[in-house]
Amino acid sequence: MPELPEVEVTRLGIKPHIEGRSVSGVSILDGRLRWPVPKSLPKRLLGQRLSTIERRGKYLLLKMDTGHLLIHLGMTGVLRVLPTADGVKPHDRVMIHFGEISLRLHDPRKFGAVLWHPFSKGAIDNHPLLKKLGPEPLAAEFAGDLGAERLFRFSRKRTVAVKSFLLAGQAVVGVGNIYCSESLFEAGIHPRLPAGKLTKAQCERLAKSVRDVLTKAIKAGGSSLRDFVDAHGEPGYFMMQTKVYDRANEPCRICKSPIVQIVQAQRSTYFCPICQRR
DNA sequence: AGCTCAACCTGGCTGC
DNA sequence: TGCAGCCAGGTTGAGC
């Protein structure tokens with residue numbers, strides 16, 4: 001999927017087309033996603049105006065008149081705005097129509113989610129899926145020393161490898177498998193280092209590298225691994241050049257030694273055994 | 001509490 | 001060409 005940069009790029013891509021518009025219909029083509037898409041959604045959303053689209057971690061939050069629509073892209077989800085008249089394609093799962101255009105969730109693997117959270121159930125931040133998320137890596141709450149302090153504090157006494165620790169999203173959200181390897185490389189930290197052994201200096205480097213890597217990826221338009229395309233349906237993004245991810249046995253861009261691939265918590269990790277031991 | 005691992009589901013690639 | 005086997009961006013929840 002889509003990691004945080006791809007979700008942010010998607011948000012920026014769809015926002016100008018549908019913000020401020022009202023829902024003219026909803027089609028659930030296949031509601032068997034990560035959780036079932038509520039059957040009542042079409043009735044509930046009809047006529048509601050979409051005021052803003054925000055993002056929390058990898059969740060998109062579409063604010064409507066009476067609540068929020070939560071959308072997660074899972075591993076293979078793609079959100080695009082297309083003419084309503086355009087034909088349905090295989091793996092299109094949900095369409096939200098705004099007159100002549102519609103927002104479409106295309107998701108082959110069906111790990112995505114479309115959920116409804118009415119204002120009456122409390123603030124969106126308290127939604128069970130959002131409640132335990134760590135801070136936003138690009139917000140003030142993770143800026144400068146705050147990010148480093150957060151990483152340091154949350155990693156104390158943790159024996160889990162720093163790679164898994166970062167991926168878990170409790171110390172900071174939005175760092176998926178690709179950018180996790182990339183951030184650790186930039187910070188010069190070995191992915192197998194137990195999180196609890198991170199020094200203050202390493203936390204400072206890591207907080208900065210997380211911010212830098214994600215910011216660069218957003219600027220590059222998100223990376224396009226396999227099936228990510230932008231909101232307009234154009235396969236426009238080229239993958240941001242990675243330093244280590246998916247480069248097993250290729251020479252490190254810094255020291256030329258071969259990049260190593262290992263498996264941690266059932267996920268591939270890539271690193272440079274020479275550069276990542278500070 | 002924290003860690004590991006299976007599971008959700010489908011498509012694409014590799015190798016026989 | 002066909003097919004089996006393996007791999008893939010995320011996240012929850014069971015079990016220890």
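Just so it is clear: chains get the letters A, B, ... in the order the sequence lines come, proteins before strands, and each one is counted from 1.
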Tyr270(A) OH to dA8(C) C1', straight-line distance once rounded to whole Å: 9 Å

Any His91(A) side-chain N or O less than 4.0 Å from OP1/OP2 of dT10(B): no

Side chain of Trp35(A) (C-beta onward), nearest among dT12(C), dA8(C), dG2(B): dT12(C)

Basic-acidic side-chain contact under 4.0 Å: Glu3(A), Lys58(A): no

Position toward the 5' end of DNA chain B (nearest nucleotide), Asp30(A) or Ala161(A): Ala161(A)

Residue-phosphate contact under 4.0 Å: Lys110(A) side-chain N/O, dC8(B) OP1/OP2: no

Residue Lys132(A), side-chain atoms from C-beta onward, closest of dC3(B), dT12(C), dA6(B): dT12(C)

Closest to side chain of Val160(A), choosing from dG10(C), dT12(C), dT4(B): dT4(B)

Phe154(A) CZ to dG2(B) P, straight-line distance once rounded to whole Å: 10 Å

Distance test, side-chain N/O of His72(A) to OP1/OP2 of dT11(C), below 4.0 Å: yes

Whole-Å distance separating the CZ atom of Phe111(A) from the P atom of dT10(B): 9 Å

Euclidean distance, atom NE2 of residue His127(A) to atom C1' of dT12(C) [Å, nearest integer]: 14 Å

Sugar-phosphate only, base, or nothing, as touched by Leu129(A) at under 4.0 Å among non-hydrogen atoms: sugar-phosphate

Listed nucleotide nearest any side-chain atom of Gln266(A), set dA6(B), dT12(C), dC3(B): dA6(B)

Arg32(A) CZ - dA7(B) C1' separation (whole Å): 17 Å

Test: Lys243(A) and Glu186(A) ion pair at under 4.0 Å: yes

Under-4.0 Å side-chain N/O to phosphate OP1/OP2 contact, Thr76(A) with dG11(B): no

Touch class at under 4.0 angstrom, heavy-atom based, for Ser164(A) against every strand present: nothing

Separation of atom CG in Leu167(A) from atom P in dG10(C), rounded to whole Å: 6 Å

Whole-Å distance separating the CD atom of Gln170(A) from the C1' atom of dG10(C): 14 Å

Pair assignment for dC9(B), Watson-Crick or G-U wobble, requiring both distances under 3.5 Å: none

Which nucleotide in dG11(B), dT12(C), dG10(C) has an atom nearest any side-chain atom of Pro108(A): dG11(B)

OP1 or OP2 of dG10(C) under 4.0 Å from side-chain N/O of Lys58(A): yes

Nearest listed nucleotide, side chain of Arg34(A), among dT12(C), dA8(C), dC3(B): dT12(C)

Side-chain donor/acceptor of Arg109(A) to base of dA8(C), under 3.5 Å: yes

Electrostatic pair Glu149(A):Arg153(A) at N-O distance under 4.0 angstrom: no

Given dA8(C), dT10(B), dG10(C), the nucleotide with the shortest approach to the side chain of Asn177(A): dG10(C)

Distance under 6.0 Å and angle within 45° of ring axis: Arg150(A) vs Phe154(A): yes

Touch class at under 4.0 angstrom, heavy-atom based, for Arg267(A) against every strand present: base

pair Leu33(A)-Leu105(A): side-chain heavy atoms closer than 4.5 Å: yes

Integer-rounded Å distance: dC8(B) C1' and Leu33(A) CG: 11 Å

Side chain to side chain donor-acceptor pair (under 3.5 Å) between Ser268(A) and Gln261(A), intermediate numbers included: CA-CA 7 Å; Ser268(A) 282; Gln261(A) 176 181 9; 2.9 Å; yes

